[in-house]
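Notes to accompany the following structure.
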Amino acid sequence: MELLIRKALDGDPRSIARLISIVESDSPYAEKIMKAIYPRSGKAHFIGITGSPGAGKSTLVDKIIRELKLQGKSVGVVAVDPSSPFTGGAILGDRLRMQSHALDPDVFIRSMGSRGSLGGLSHATYEAALILDACGKDVVLIETVGVGQSEVDIVKIADTVALVLVPGMGDDIQIMKAGIMEIADVFVVNKADRDGADKMAREVNVMLDLLGERAWRPPVYKTVAEKGEGVAEAVAAFSDHQKYLQKTEEGRKRKWQRLEREVEEILRREISRIVERSWNETKSVDLLNGLAERRIDPYTVAGDLLDKVFGPEA
Ligand SMILES: Nc1nc2c(ncn2[C@@H]2O[C@H](COP(=O)(O)OP(=O)(O)O)[C@@H](O)[C@H]2O)c(=O)[nH]1
Ligand SMILES: [Mg+2]
């Protein structure tokens, strides 16, 4: 294990992949790995790329990687797709779209399904990003399918959130109701080769006006991801946003919030593990019969169990 961690921290892609798999599988080694890598993390810029399925996120990520590489940066990608455990199809698609970097040792691409807590985004996503960070990636791109909660959850992980929109598609109505306007730091209107991109960009700006004055006014860019057009400008905005966070109170607040949530998430996981173990030891035919026959109620059962685990004072 020590050797594996050392090799990963030195940037060996296969060792990094192994570490992420171990952490993802929730093995008893996961905590050991996270403890070992944690002191080396905290340097990378985490950029969330979110938006509706088909908006062009993976295509865009591919071009963002290219741009970052031109700047001499090393890049890690975590692509999260909730449909993957069942179909695998979407993830294959993501892979294909980022294939131009498949053989590049400086670019690490990882796809994973989303399950577990943190809303739609699994904690493993965040841990994978931390591992990539510790293993020397300058930038970690996190692609999430913008369905429901995961779209909003990305803000808990990423320093900078880019929301990818496309002309038409009724996105204009969608974004307003999803409360997504507030979480985006940069707007990307992709597929600008299609009609309506200017209108879309204007609408976003109007909505940003309605949100009122903010220290960071999210810029709106038009891109044609397939051709790489406009991508350099968007990437420059990501880095402007990072600089903004580094020198403002908002940046510090975001960081602290994330750290708080990290501890809370670990606490939740550990506590439920302990409680579940105790419940599995406690439950019996007698007890379940008692519940069925209403000789005892589930609140009392749960309360007794908690008393047993944490003591009656808790
Ligand atoms: N016309 C056009 N199509 C694009 C553009 N960017 C991506 N696409 C296409 O849109 C489809 C979905 O792209 P993908 O990157 O998989 O979207 P994702 O689901 O958001 O990751 C693919 O067929 C892409 O080739 C663009 O700028 N213009
Ligand atoms: Mg994709």
Side-chain angles (χ1 to χ4, degrees), residues 45-68 70-71 77 97 139-148 150-248 250-251 254:
H45 185 197
F46 289 0
I47 304 174
I49 310 287
T50 192
S52 307
K57 296 180 296 297
S58 299
T59 314
L60 198 63
V61 164
D62 186 69
K63 297 303 193 301
I64 293 171
I65 295 170
R66 197 172 70 182
E67 179 62 28
L68 290 167
L70 284 174
Q71 299 175 9
V77 180
R97 248 143 240 146
V139 178
V140 179
L141 300 168
I142 303 158
E143 178 189 334
T144 70
V145 171
V147 187
S150 70
E151 203 161 45
V152 180
D153 274 341
I154 188 64
V155 76
K156 299 179 185 166
I157 296 181
D159 302 301
T160 300
V161 176
L163 177 62
V164 183
L165 304 167
V166 285
M169 262 182 68
D171 264 315
D172 27 358
I173 305 153
Q174 249 175 38
I175 45 178
M176 282 197 286
K177 74 168 179 237
I180 196 83
M181 295 294 287
E182 286 88 343
I183 69 143
D185 302 302
V186 176
F187 286 87
V188 176
V189 179
N190 188 41
K191 307 198 184 183
D193 50 332
R194 294 192 181 166
D195 285 345
D198 285 318
K199 180 166 169 272
M200 183 84 221
R202 262 198 316 274
E203 279 173 14
V204 172
N205 269 313
V206 168
M207 272 185 278
L208 288 171
D209 289 341
L210 292 176
L211 281 180
E213 199 119 333
R214 283 186 291 172
W216 172 265
R217 158 97 186 195
V220 184
Y221 291 95
K222 288 180 290 176
T223 59
V224 182
E226 269 183 336
K227 296 190 185 130
E229 287 170 24
V231 174
E233 290 80 355
V235 169
F238 300 158
S239 121
D240 286 346
H241 184 253
Q242 183 190 32
K243 285 187 203 112
Y244 163 78
L245 289 180
Q246 279 164 352
K247 59 173 203 263
T248 56
E250 189 188 332
R254 268 207 206 191

Open item on the list: Any non-hydrogen side-chain atom of Leu208 less than 4.5 Å from a side-chain atom of Phe187?
Closed with: yes
Open item on the list: Restricting to non-hydrogen atoms, name the atom on Gly48 and the atom on Ala158 that form the minimum distance, rounded to 0.1 Å.
Closed with: N-CB, 3.5 Å
Open item on the list: Determine whether a donor-acceptor pair (N or O, by modelled atom type, separation under 3.5 Å) exists between the side chain of Lys63 and the backbone of Ala225.
Closed with: yes
Task: Over all atoms of both residues, closest heavy-atom pair of Val186 and Pro218 - done: N-CB, 4.4 Å
- [ ] Could you grab the distance from atom CD of Glu143 to atom OG1 of Thr59, nearest 0.5 Å is fine?
- [x] 8.5 Å
TODO: Salt-bridge test for Arg214 and Asp185: reply yes if a basic N is under 4.0 Å from a carboxylate O, no otherwise.
DONE: no
TODO: Please list, chain by chain and in numerical order, all residues satisfying side-chain contact (heavy atoms from CB on, under 4.5 Å) with Gln246, sequence neighbours excluded.
DONE: Gln242, Lys243
Open item on the list: Tell me if a side-chain donor or acceptor on Arg254 pairs with a main-chain N or O of Leu245 at a distance below 3.5 Å.
Closed with: no
Task: Pairs touching residues 227-237 that satisfy salt bridge (Lys or Arg N to Asp or Glu O under 4.0 Å), sequence neighbours left out - done: none
Open item on the list: To the nearest 0.5 Å, what is the distance between OH on Tyr221 and CZ on Phe238?
Closed with: 9.0 Å
Open item on the list: Less than 4.5 Å apart, side chain to side chain, heavy atoms only: is that true for Val77 and Val61?
Closed with: yes
Open item on the list: Counting only heavy atoms not in Asp195 (residues, nucleotides, ligands), do more than 12 fall under 6.0 Å from its CG?
Closed with: no
TODO: Over all heavy atoms of both residues, which pair between Asp159 and His241 is shortest? Give the atoms and the distance, please.
DONE: O-CE1, 3.2 Å
Open item on the list: Restricting to non-hydrogen atoms, name the atom on Lys191 and the atom on Pro167 that form the minimum distance, rounded to 0.1 Å.
Closed with: O-CG, 3.6 Å
Task: Contact check, side chains of Thr50 and Val161, non-hydrogen atoms, under 4.5 Å - done: yes
- [ ] Determine, step by step, whether Ile64 and Leu141 satisfy the side-chain contact (heavy atoms from CB on, under 4.5 Å) criterion, reporting the C-alpha distance in whole Å, the side-chain angles of both residues, the deciding distance to 0.1 Å, and the verdict.
- [x] CA-CA 9 Å; Ile64 293 171; Leu141 300 168; 3.9 Å; yes
TODO: Kindly say whether Leu165 contributes a backbone atom to a donor-acceptor pair with the side chain of Asn190 at under 3.5 angstrom?
DONE: no
- [ ] Inspect the contact between Lys199 and Glu203 and indicate whether a charged nitrogen and a carboxylate oxygen are less than 4.0 angstrom apart.
- [x] yes
TODO: On the 0 to 90° scale, with breaks at 30° and 60°, tag the Trp216-Tyr244 ring pair as parallel, tilted or perpendicular.
DONE: tilted
Task: Closest non-hydrogen atom pair between Leu60 and Thr223, with its separation - done: CD1-OG1, 3.9 Å
Task: Salt-bridge present (Arg217, Asp209; N to O < 4.0 Å) - done: yes
Task: Expected output: side-chain Lys57 to main-chain Gly51 donor-acceptor under 3.5 Å - done: yes
Open item on the list: Is there a side-chain contact between Val220 and Met200 in this structure, where contact means two heavy atoms from C-beta onward sitting under 4.5 Å apart?
Closed with: no
Open item on the list: Any non-hydrogen side-chain atom of Ile47 less than 4.5 Å from a side-chain atom of Ile142?
Closed with: no
